[in-house]
Number of protein chains: 4
Amino acid sequence: MDLFAGHGYSSTKLDDIATHEGITKGTIYLYFESKEKLFQAVIQRIIVKEIEKGKKLAVEHEGSQRDLLRKLIHYWWSMVGETRLAGIPKLMTSEASNFPELSSFFVDNVTCRARAIFVEIIEEGITNGEFRKLDANYVARLVLAPLVFAVIWEKSLSPYDKEKNHMIFISI
Amino acid sequence: MDLFAGHGYSSTKLDDIATHEGITKGTIYLYFESKEKLFQAVIQRIIVKEIEKGKKLAVEHEGSQRDLLRKLIHYWWSMVGETRLAGIPKLMTSEASNFPELSSFFVDNVTCRARAIFVEIIEEGITNGEFRKLDANYVARLVLAPLVFAVIWEKSLSPYDKEKNHMIFISI
Amino acid sequence: MDLFAGHGYSSTKLDDIATHEGITKGTIYLYFESKEKLFQAVIQRIIVKEIEKGKKLAVEHEGSQRDLLRKLIHYWWSMVGETRLAGIPKLMTSEASNFPELSSFFVDNVTCRARAIFVEIIEEGITNGEFRKLDANYVARLVLAPLVFAVIWEKSLSPYDKEKNHMIFISI
Amino acid sequence: MDLFAGHGYSSTKLDDIATHEGITKGTIYLYFESKEKLFQAVIQRIIVKEIEKGKKLAVEHEGSQRDLLRKLIHYWWSMVGETRLAGIPKLMTSEASNFPELSSFFVDNVTCRARAIFVEIIEEGITNGEFRKLDANYVARLVLAPLVFAVIWEKSLSPYDKEKNHMIFISI
DNA sequence: TATGAATGAGGGTTCATTCAT
DNA sequence: TATGAATGAACCCTCATTCAT
C-alpha cells in the first residue's frame, strides 16, 4: 500500500512491489490473479481490519456528545491520519473511476459507515439539547471534510506548500 | 482536461485524447512535444486564464467582512465548483508526485494565492471586531477545505455514494 | 547531399532537408516522389555531372604514363577528395544494400569507369615498358583503394583519430 | 552483427533481430537496456575478445621484417577479412557519427593499436636496412588501407560489381 | 508553385502476465 | 512454494507522405 499510495496505481510496477517485498514478480501471481485484484485486496484487507477496531471504540462512551465528538475526531486522526492508512483516501479518490466495484465497496463500507457514526452522535446531541438543531448529515460532512482533506493534501500537494500551518484540527 | 480528470494521467491514452478531439495522435505532437507537456499545458492554460479574472473581483467590496466572506465562498463555487475548473483539484492531488514542477507552480500560484485572499478578509474582520480572534490561517484553511474537498469528492467517489446530500455550503 | 553524407540516409529527415533548403516538406514532393527517389537523384545528378568533366581531362595527356598516373591521382583528389563529392563514397558504401538499383548504377557508372581509366593507363605503361608486367586490374585497385579509403575514413572515423597523419598520397 | 552490418543501424529493426535470434522483441530488453546499448555491445564484445588474441600472435617472429610484414598481412586477413569480424569496418564507418563514444573507443583500441604494430615492424625494417627510409606511419596506413577497404567494399558495393577480381593482396 | 496542417503506419520501449523449472 | 526467463500487447512518439488551400 505504501507503494500504491506513493506513486498511484499505474505508476506502481509489479517489479517494484516484488522487490519491496523481497520476492519476485512471479510469486505475486501465486497469491493474486492480477494487479487489479492485488490492488483491491490491498485496500480491502487494510480497511476491513481497521473498521472492526473502529466500531468497538465508538460505542463505549460516557459523558457529553460534545466530548465524544471531540474524542472521535482525535481518534480518527490517530487511527487514519497518522498511520499508513493515511494514503488510502488519496489513493481512492485518484483511482475511483478506474475501479468502480472497489469504489462502491469503499464508499459503502468506509465512508458511509464512518459518517453514520458521526451523524448518530450529532443527532443524539441535538436531541439532548447539547447542539442546536441542524441537519446532522451536513454537519457530519462538514466535520469530516477537513479531516479527510488534510490527509489527501498531506499526501499530494502539501510537500510543495511552503506555508506549513496544517493540522488545523488539533486545536479543536 | 475531462479525460485526465476522469481517468488519471497514465490511464488517459493519447489515442483517447485524439479521438475525443476528432483528430489523430500524430496531430497532438504538432502542438505539444510530449504527453507530459500536454498535461502541463492543460492545467496551466486554464489556471492562468482564470486567475486573472479572480483577482479583479476580489477587491471591490463594500459592507461587512462577514458578507464578503460569504460572497467569496459563493463566488469560489460559481467560479470553480460549477465550471470546468472543477476537475483540477482532483487532477492535481492525484498526479502531484508525478509532476513536481507543476505541483510547485500550482501551489504557489493557485492554492496560496487563494488562501491569502481569505486570510486577509478574516484578519480585517478580526481587526474591526466582526470576528473573534483566531489564527486567520487556520480559519482560511477550514473554510476552504470543505469547498475543495467537495469538488474532489464530486469528481471521484461521489458517483458511488448513494447518500446524495452534498453541496453542504449552499446553506451557508 | 551534405545532409545525407553527414548523418546517413535514415538519420536525415525530410524536415531537415526542407529547412536546409529554406522550403517546406511539402515542396519536396513537387519535385521528387519519395525520399528514396530524392536520394537517388541527389547521388545521380552530382555523379553524372562530374563524370563528364572527368572523362575530358583524362584523355589529353602527353608525356609518360607514370606522369599521367601521378597527375590523375592528384586530379582524383582535387575533384573528389576535396569537394563535396567526398561524402559520396561513404554514403554509398553505407547504404548500398538498402538501394540495390542505385548501387548497381553507381558501380557501373562510377567505380568501374574510373577504374577502367586507370587500367588503361597502366596497361599502356606496361606495353611501352615503363611499368613492369603486373595484372593491371589489381594495380588499379591498389592505387584507388587508398584514395577512396582516405575519403571514407575522413568522413567517418577520422574525427575520432588523434594521430592526424592522413593525406598519405600527397607525397606520391 | 550480420544484420547491423547488412542494413545499417536504423534500418535494422529489433523485430528482425529478435526473429533472427529466435526470440521476441521484449526479451532483448532483459539483456540490453536499449537498441543503442545493444549495438555497442555487439561491437565491443567481438572486438575485445579478438584483440586479446591478436596481441599474442604479433610478437613471436623470427626472420626478416619483410617476412613478418607479409605474414601479418595474411594474418590480418585470416583473422578479420574472412571471419565474422569482416562486417565491423563497414559498420563502424557507416555509423561513426551516430555513435561518438563508440567511435572513439574503436579508433583508440582497434585502429590505432593495429597500426602501431605495423609501424613498429616498418621502423625496425628501416633501422636494419631492409626497407628504404620512409615515414613509417604513412607506409602503415598505405598497407592497411587496401585491406580495410577490401573488407568494406566486400560488405557493401562489391555485390553489385561485375568485375570480380578482388582479393588483391593475396598475391603480395 | 508553395504551404503547413494532418495523417497513420511503424518504430523502440514497457510491463503485466505466463510457464517451465 | 518460488523463480526468472520469456512473452506480446499496448503504449508513446517519429516521420514520410498527403492534400486542401
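Proteins come first, then strands; the chains are lettered A, B, ... in the order of their sequence lines, and each starts at number 1. In what follows, every heavy atom counts, from backbone to side chain, and hydrogens, waters and symmetry copies are set aside.
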Within the distance-only criterion (no hydrogens, no angle test), does the side chain of D16(C) pair as donor or acceptor with the backbone N or O of T12(C) below 3.5 angstrom? no
Point-to-point distance, once rounded to the nearest 0.5 Å, from NE2 of H7(A) to NZ of K13(A): 10.0 Å
Give the rounded distance in Å between these two atoms: OH of Y29(B) and C1' of dT14(F). 9 Å
Taking atom C1' of dT13(E) as reference, at what distance in whole Å does atom NZ of K35(B) sit? 14 Å
Rounded distance in Å - CG (D16(C)) to C1' (dA16(F)): 13 Å
Would you say the side-chain atoms of S156(A) pair up with the backbone N or O of A96(B), donor to acceptor, closer than 3.5 Å? no
Could you tell me the separation between the CG atom of D15(A) and the P atom of dT18(E), rounded to a whole number of Å? 16 Å
May I ask you to check whether over 12 heavy atoms, not counting those of E82(C), lie within 6.0 Å of atom CD? yes
Looking at CD of Q44(C) and CG of L102(C), how far apart are the two atoms once the value is rounded to the nearest 0.5 Å? 6.0 Å
For DNA chain F, what dot-bracket results from Watson-Crick or G-U pairs at under 3.5 Å, with [ ] for crossers and | for inter-strand partners? .||||||||||||||||||||
Anything under 3.5 Å between a protein N or O and an N or O of nucleotides 3-7 of chain F, put it in a table, one pair a line.
from, atom 1, to, atom 2, distance (Å)
dT3(F), OP2, T24(A), N, 3.2
dT3(F), OP2, T24(A), OG1, 3.1
dT3(F), OP2, T27(A), OG1, 2.7
dT3(F), O5', T24(A), OG1, 3.4
dA6(F), OP2, Y31(D), OH, 2.4
dT7(F), OP2, T24(D), N, 3.0
dT7(F), OP2, T24(D), OG1, 2.9
dT7(F), OP2, T27(D), OG1, 2.6
dT7(F), O5', T24(D), OG1, 3.2

Value in whole Å for how far the C1' atom of dT18(E) lies from CD of E33(A): 14 Å
Using a cut-off of 4.0 Å on non-hydrogen atoms, how would the nucleic acid contact of S10(D) be classed: base, sugar-phosphate, or nothing? nothing
Pairs flagged by salt bridge (Lys or Arg N to Asp or Glu O under 4.0 Å) wherever residues 83-100 of chain B is involved - sequence neighbours left out: none
Between CD1 of I17(C) and C1' of dT17(F) the distance, given in whole Å, is 14 Å
Under 30°, 30 to 60°, or over 60°: which ring-plane class applies to F99(B) and Y9(B), parallel, tilted or perpendicular? perpendicular
Classify the nucleic acid contact of T12(B) as base, sugar-phosphate or nothing, counting any heavy atom under 4.0 Å across all strands shown. sugar-phosphate
Rounded to the nearest 0.5 Å, how far apart are CG of L91(B) and CG of L3(B)? 10.5 Å
Would you call I88(B) and V110(B) a side-chain contact if the rule is heavy atoms closer than 4.5 Å? no
Checking contacts here: which listed nucleotide (dA16(F), dG12(E), dT18(E)) is nearest the side-chain heavy atoms of K13(C)? dA16(F)
Rounded to the nearest Å, what distance is computed from the CZ atom of residue F32(A) to the P atom of nucleotide dA2(F)? 12 Å
